[in-house]
There are 2 protein chains.
Amino acid sequence: MNDDPSADISSYRDVKADILRRITEGHWAPGTLLPGEVELAESFGVARATVNRAMRELTDEGLLERRRKAGTRVRPMPLRSARFEIPLVRAEIEATGAVYRYALLSRDARQAPDWLRARLGLAKGARALHLACLHSADGAPYQFEDRWISLTALPAAEEADFAASGPNEWLVKAVPYSEVEISFLATAADPRIAGYLSMDPGEPVFTAERTTWWEGRGITHVRLYFARGHRMTTRY
Amino acid sequence: MNDDPSADISSYRDVKADILRRITEGHWAPGTLLPGEVELAESFGVARATVNRAMRELTDEGLLERRRKAGTRVRPMPLRSARFEIPLVRAEIEATGAVYRYALLSRDARQAPDWLRARLGLAKGARALHLACLHSADGAPYQFEDRWISLTALPAAEEADFAASGPNEWLVKAVPYSEVEISFLATAADPRIAGYLSMDPGEPVFTAERTTWWEGRGITHVRLYFARGHRMTTRY
DNA sequence: TTGTGCTATTTGTCCGATCATATCGGCTTT
DNA sequence: AAAGCCGATATGATCGGACAAATAGCACAA
């Protein structure tokens, strides 16, 4: 057991790294009860607040479990959570160095269908804007966007010009901040989508679905269909 | 502008909530430079450290952007990041109240194929254990697991009994902690998988792929095929 | 045996002060 | 005009001290 008496640990980062090291190296196996903050602070030669921050962050990251009086222990089953960044399509494409292009395929304001009313919590007869867009990277289709915007919540959308830039970019400007639900799923390409994405009908499509509320009111619902072979990846 | 002079804000949570409120209500629009920590601390009547923590957390959550000397501003384009919890299948199923059942379909130790060697960084001729398992919820197939375990990194796996409980549960006990890459994608069900998951061949399958390293050495690679209609959802 | 209340312990949070670090902008030098 | 220097300033981190809140585990009562 190397308990590093002399290592000059001085920042919460060092403390964090050292605790992590002891866990990965197996000195502190899953389920182990760690020494208390006071004890660790002494052995590291730092203030308790510093140890606290290190442990708090490790807890946020899913590695530790803490309870008052009960102490801190290594999570028996590392409930690790993965973080996925959800950038705007434009940023996502341009980050790869490719040329981003956007096309508005259709646009039409109509009564919101029942499923959308239920999803966004709209009144009967509420109107919504329905948009279909295609985002492409270096000329190749990248993402097909099927979006609904509630005209109850955002009447200004009816006047907005979505020919030049995507509804996404308009929305982030129009809506300050919001509550979001995202799902990832696999769907079969219907003929229309297959056509736009240069795929065969019925082919599996990686699909993201996102609903946005602002102050409890449904704003927009979108389904994003990605081109063949798309992956959502993260590493930790 | 409601600047809340008298509101008795006392914890970093209150400060955080108040800043968030001003952002969502549009008082502080995206791109706005907000007051410095000292000023805010005074106006809230708390210590600077408290304001600092509130702002730091909001920054971690992707709402603010901070730079020394330049100050803090509301992220012009809210870099949304979603967190997905990646639980063990058993926990995932039992959380819904369903009865979890596990079956080992096949098991076989052989030379690692080239793609796996490349992925895990194994030497030529290295052996690996190949497992196929089925996880079900209340009798209905839930997830098909196609896993490879490097016998170079984990020779003990060859002796392990995967008949009773899944390799996942064995692995979390055997490997202290690790680096992981996860991908989500959509694949077409091949006949074998379709059979196990009660789907039609060619049907879209939501698929997760996970590779795990420990101290730089490839440990295991797994592909998880989910039953029809599976979604990975998060809300924030 | 079983339930109930107390207490010591451990984490959670806050404070106010201090030093560290990055960097914006203006000033100086070339 | 361009390049480089430097001080002012805002965030970043740490410290030591203090009090708050939760609760595990014990003592005690029914």
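In the text below, chain A, chain B and the rest are named by the order of the sequence lines, each starting its count at 1.
- Between the CG atom of Asp60(B) and the C1' atom of dT11(D) there is a distance of 14 Å, rounded to whole Å.
- A cation-pi geometry, defined here as NZ or CZ lying under 6.0 Å from the six-membered ring centre and within 45° of its normal, does not hold between Arg119(B) and Trp213(B).
- Atom CG of Asn52(A) is separated from atom P of dC19(D) by 18 Å (rounded to the nearest Å).
- The nearest whole Å value for the distance from the CD atom in Glu37(B) to the C1' atom in dT9(D) is 12 Å.
- Aromatic ring pairs are classed by plane angle as parallel below 30°, tilted from 30° to 60° and perpendicular above 60°; the pair Trp115(A) and Trp148(A) is perpendicular.
- An OP1 or OP2 oxygen of dT13(C) is reached within less than 4.0 angstrom by no side-chain nitrogen or oxygen of Thr50(B).
- For Leu33(B) and dA10(D), the CG to P distance is 10 Å, given to the nearest whole Å.
- For the pair Arg67(B) and dT21(C), the criterion of a side-chain N or O lying under 4.0 Å from OP1 or OP2 is not met.
- The separation between Arg53(A) atom CZ and dG16(D) atom C1' is 17 Å, rounded to whole Å.
- Regarding Glu65(A), its CD atom lies at a distance of 12 Å from the P atom of dA24(D), rounded to whole Å.
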Between N or O atoms, less than 3.5 Å apart, protein on one side and nucleotides 7-9 of chain C on the other: list the pairs.
{"residue": "dT9(C)", "atom": "O4'", "partner": "Lys69(A)", "partner atom": "NZ", "Å": "3.3"}

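- Listed nucleotides: dT13(C), dA24(D), dG12(D). Nearest to the side chain of Arg13(B): dT13(C).
- At dA10(D), none of the side-chain N or O atoms of Thr72(B) fall inside 4.0 Å of OP1 or OP2 (strictly under the cut-off).
- With Tyr100(A) as the aromatic partner, Arg90(A) does not meet the cation-pi criteria of under 6.0 angstrom to the ring centre and within 45 degrees of the ring axis.
- Thr207(A) and Arg223(A) are not linked by any side-chain donor-acceptor pair at a separation below 3.5 angstrom, with hydrogens and angles left out of the test.
- An OP1 or OP2 oxygen of dG12(D) is reached within less than 4.0 angstrom by a side-chain nitrogen or oxygen of Arg66(B).
- With sequence neighbours excluded, the residues forming a salt bridge (charged side-chain N to carboxylate O under 4.0 Å, His left out) with Arg66(A) are Glu37(A), listed by chain and number.
- When only modelled atom types and interatomic distance are considered, Arg73(B) and Thr32(B) share no side-chain donor-acceptor pair under 3.5 Å.
- When the side chain to side chain donor-acceptor pair (under 3.5 Å) test is applied to Tyr102(A), no partner is found at least two apart in sequence or on another chain.
- The interatomic distance linking Leu40(A) (CG) with dT10(C) (P) rounds to 12 Å, in whole Å.
- Take the nearest nucleotide of DNA chain D for Pro35(B) and for Ala49(B): the residue whose nucleotide is more 5' is Pro35(B).
- Straight-line distance from the CZ atom of Arg48(B) to the C1' atom of dT9(D): 11 Å, rounded to whole Å.
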